[in-house]
Amino acid sequence: MAATAALPSASTNAEAGPSAPPAPSAAAAAAVFKRLHPASYLARYLAEGYRADGRKVGEWRDVSVNAGSVSTADGSALVRMGDTTMVCGIKAEIAEPSSAAPTHGYIVPNIDLPALASSRFKPGPPGDEAQVYSNCLNDVIVSSQVLNPASLCISAGHAVWALYIDVVCINYDGNAFDAAVLAVMAALRNTRLPKAVYDPNTNKTTCVRGETYPLSLGRTLLACTFGIFQSKTLLPDPSSFETPLLPTTITIALDEEGTACLVRQEGLGGVVGKTGKEVLGDAWGAAEDRCRALREVLKEST
Amino acid sequence: MASSSRTDGRQPLETRAISTKLGALSRADGSARFSFGSTSSLASFAGPIEVRLREELPDRATLEVTHRPLEGVGGQPARFIEHKRDPTPSRALEASLISALTPLLALSQHPRSLVQLVIQSLSSPCTSYHTSSSMADIPDGPVSHLWPPNTILSKADLASPSSPYALSFAERSSALNAASLAILDAGAVSLRAVPLAVSLAYIPADVFVDVLGGIEEGGATREVQLVVDPSAEEERAAKSRFVFGWAFGEGVSTSGRGAEQDEDMEGEGGKEAELVWAVSEGSFSKAEFDTALEQSRVSASEILGAVREQLRRHISARLA
């Protein structure tokens, strides 16, 4: 059934008679409309050139990064993108390398979207969304060579660092992936590992307290996510209200030289008047601008 | 004049031999097996069938996609370290297929029911992501026993590594193709457009010539070589990898220019197409991405031609 609704008119209620309930205020009527017909609600806003949270159509939310806030972690960062808040903590352990790669350390990223972040997420084992984000984050970190695993080698064949990168969502308002990537990049820059010495005689590794060194990082990538609404509008940085209304998402991640690390599109592309390829081109241009701004924020925080 | 060719004798823009087999599973409403050479997937389609109450949607059918890799338990492939939580590439592929198929299937014609796709991968994932033998990696001479190492590490490889858990790009494209054919084989839920995917990769030119034994045209100075449907070895050596899924059908493109664009295309000339899935990783420029995108559309059209031919034979054999 088509879902085009009219706002419940305040005047008809007032004329209904002395036993009728009081006329709903405009704000209450708008909230009901938003809840019952979210697509029409958003379409009305977009027709005026704005989005439901007051942003202009092509606008991104404000970002703030706070690095080093978790003192018990070897590296950490707190990122706020609008109301979406992600905390990334990096812990390092010493592990034995696998025989297939004796000089390589381990990098284990994980994104958690716990129930406390939003009513969308149920408590229990990680849901599909968290698993998909974790997988995507893992793929992009490995394939973009953000951190060379060989740089984590303490003693070839005997001891290597294993970095556990845990990103937890504290508050979810859409676009968790972009915030997670930014948090990971900030936390990696913030990470300092102690000097480690492997003794071949005792087969033990000892760390020297007080002497810490940063990681030798490769490319720094930053991600930008968009959604396409009803094959009409490309919306950057979707909020949690908009996300279920966007059947197509596009994610573009660029490094400091503007070379792409990741381009993903899930869903039917193209908007009225433009092919999917052209929309991707527009998104790429917008992503370049956004990544430049994000890089400034990242530089200031670390 | 020698032209570029790959280890298996293919041209760079040539896919491996495509083979399809429909209707092999007698208990499923529809089934199909799709292969790019030795990389293949088997998909089964059931629907519209009874749906679980909590997943029931009042105005459309619920679409459920499950993918199983060849090795590992329920989407968790073999690991070499005990992780607290594993990345699950099958979950990501399922989400991508749901996003790609939802706008194309006529789900609103079957409310309060379930449409179920199960895809079984029939090829081994890339089990080793190192090109050289393992123990030889330990350098001769004094071995460092401390971190951080004093030696400066050599520049990163030209090739972009891939996670050992990840499904290969050829495997992902064969999964979408098998699903698409299974839907066509069943014929129970109509498709607005037929989605077909193909994988591509950019291989550094010197690697292409030296390691993979490719033969380059004399005098060509390209930094990277684009290949279509890379083999496992080519994917490992690649600088960037891509999968593109195109949906072919009338009216699928919203640009209003769909029919005009295809006038000069051969083969499936005149078929409108729109991008429905894109995954890419590694290191690539916008120009490289656009070239790969254009080439993928051409290759996907060729696959559509091959698929239609095999479908025609299958259906006339069934009717005979």
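Naming: A, B, ... by sequence-line order, numbering from 1 per chain. Quick note: numbers below take in every heavy atom, side chains included, and nothing from hydrogens, waters or symmetry partners. Computed from a prediction, not measured in an experiment: that's the story for all the values here.
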> What residue in Ala92(B), Ser283(B), Ala95(B) has the most heavy-atom pairs under 4.5 Å with chain A?
Replying inline: Ser283(B)

> Where is the tightest heavy-atom contact between Glu281(B) and Ser143(A), given as atom of each residue plus distance?
Replying inline: CB-OG, 3.6 Å

>> Between Val252(B) and chain A, with a heavy-atom cut-off of 4.5 Å, which part of the residue counts as in contact: side chain, backbone, both or neither?
In response: both

> Considering only heavy atoms, which portion of Cys261(A) lies under 4.5 Å from any heavy atom of chain B: side chain, backbone, both, or neither?
Replying inline: both

> Where does Val140(A) contact chain B at under 4.5 Å (heavy atoms): side chain, backbone, both or neither?
Replying inline: neither

>> Report which part of Asp139(A) has an atom under 4.5 Å of a heavy atom belonging to chain B: side chain, backbone, both, or neither.
In response: both

>> Would you say that Lys277(A) contacts Asp290(B) through its side chain, given a criterion of any heavy-atom pair below 4.5 Å between the two side chains?
In response: yes

> If you count heavy-atom pairs under 4.5 Å with chain A, which of Ser108(B), Ser96(B), Pro195(B), Pro103(B) comes out on top?
Replying inline: Ser96(B)

>> Please give me the minimum heavy-atom distance between Glu274(B) and Gly276(A), naming the atom from each residue.
In response: OE2-N, 3.0 Å

> Top residue by heavy-atom pair count (under 4.5 Å) with chain A, among Ala100(B), Ala247(B), Gly282(B)?
Replying inline: Gly282(B)

> Rounded to the nearest 0.5 Å, how far does CD1 of Ile98(B) lie from CG of Asp128(A)?
Replying inline: 8.0 Å

> For Ser285(B), is it the side chain, the backbone, both or neither that has a heavy atom under 4.5 Å from a heavy atom of chain A?
Replying inline: backbone

>> Counting only non-hydrogen atoms closer than 4.5 Å, does Cys153(A) touch chain B with its backbone (N, CA, C, O), its side chain (CB onward), both, or neither?
In response: backbone

> In terms of heavy-atom proximity below 4.5 Å to chain B, should Pro125(A) be classed as side chain, backbone, both, or neither?
Replying inline: neither

>> I'd like to know if the side chain of Gln145(A) reaches the main chain of Ser160(B), judged simply by a donor and an acceptor atom lying under 3.5 Å from each other, with no hydrogens or angles considered.
In response: no

> When heavy-atom pairs shorter than 4.5 Å are enumerated against chain A, which of Glu294(B), Arg241(B), Lys286(B) gives the highest number?
Replying inline: Lys286(B)

> Which bit of Leu193(A) is near chain B, if near means a heavy-atom gap under 4.5 Å: side chain, backbone, both or neither?
Replying inline: both

> Do Gln265(A) and Leu275(B) have side-chain heavy atoms sitting under 4.5 Å apart?
Replying inline: yes

> Checking heavy atoms, do the side chain of Arg60(B), its backbone, both or neither come under 4.5 Å from chain A?
Replying inline: neither

>> Under 4.5 Å from any heavy atom of chain A, what part of Phe289(B) do you find: side chain, backbone, both or neither?
In response: side chain

> Can you name the nearest heavy-atom pair linking Thr259(A) to Phe284(B), along with the distance?
Replying inline: CG2-O, 3.2 Å

>> Between Pro214(A) and chain B, with a heavy-atom cut-off of 4.5 Å, which part of the residue counts as in contact: side chain, backbone, both or neither?
In response: backbone

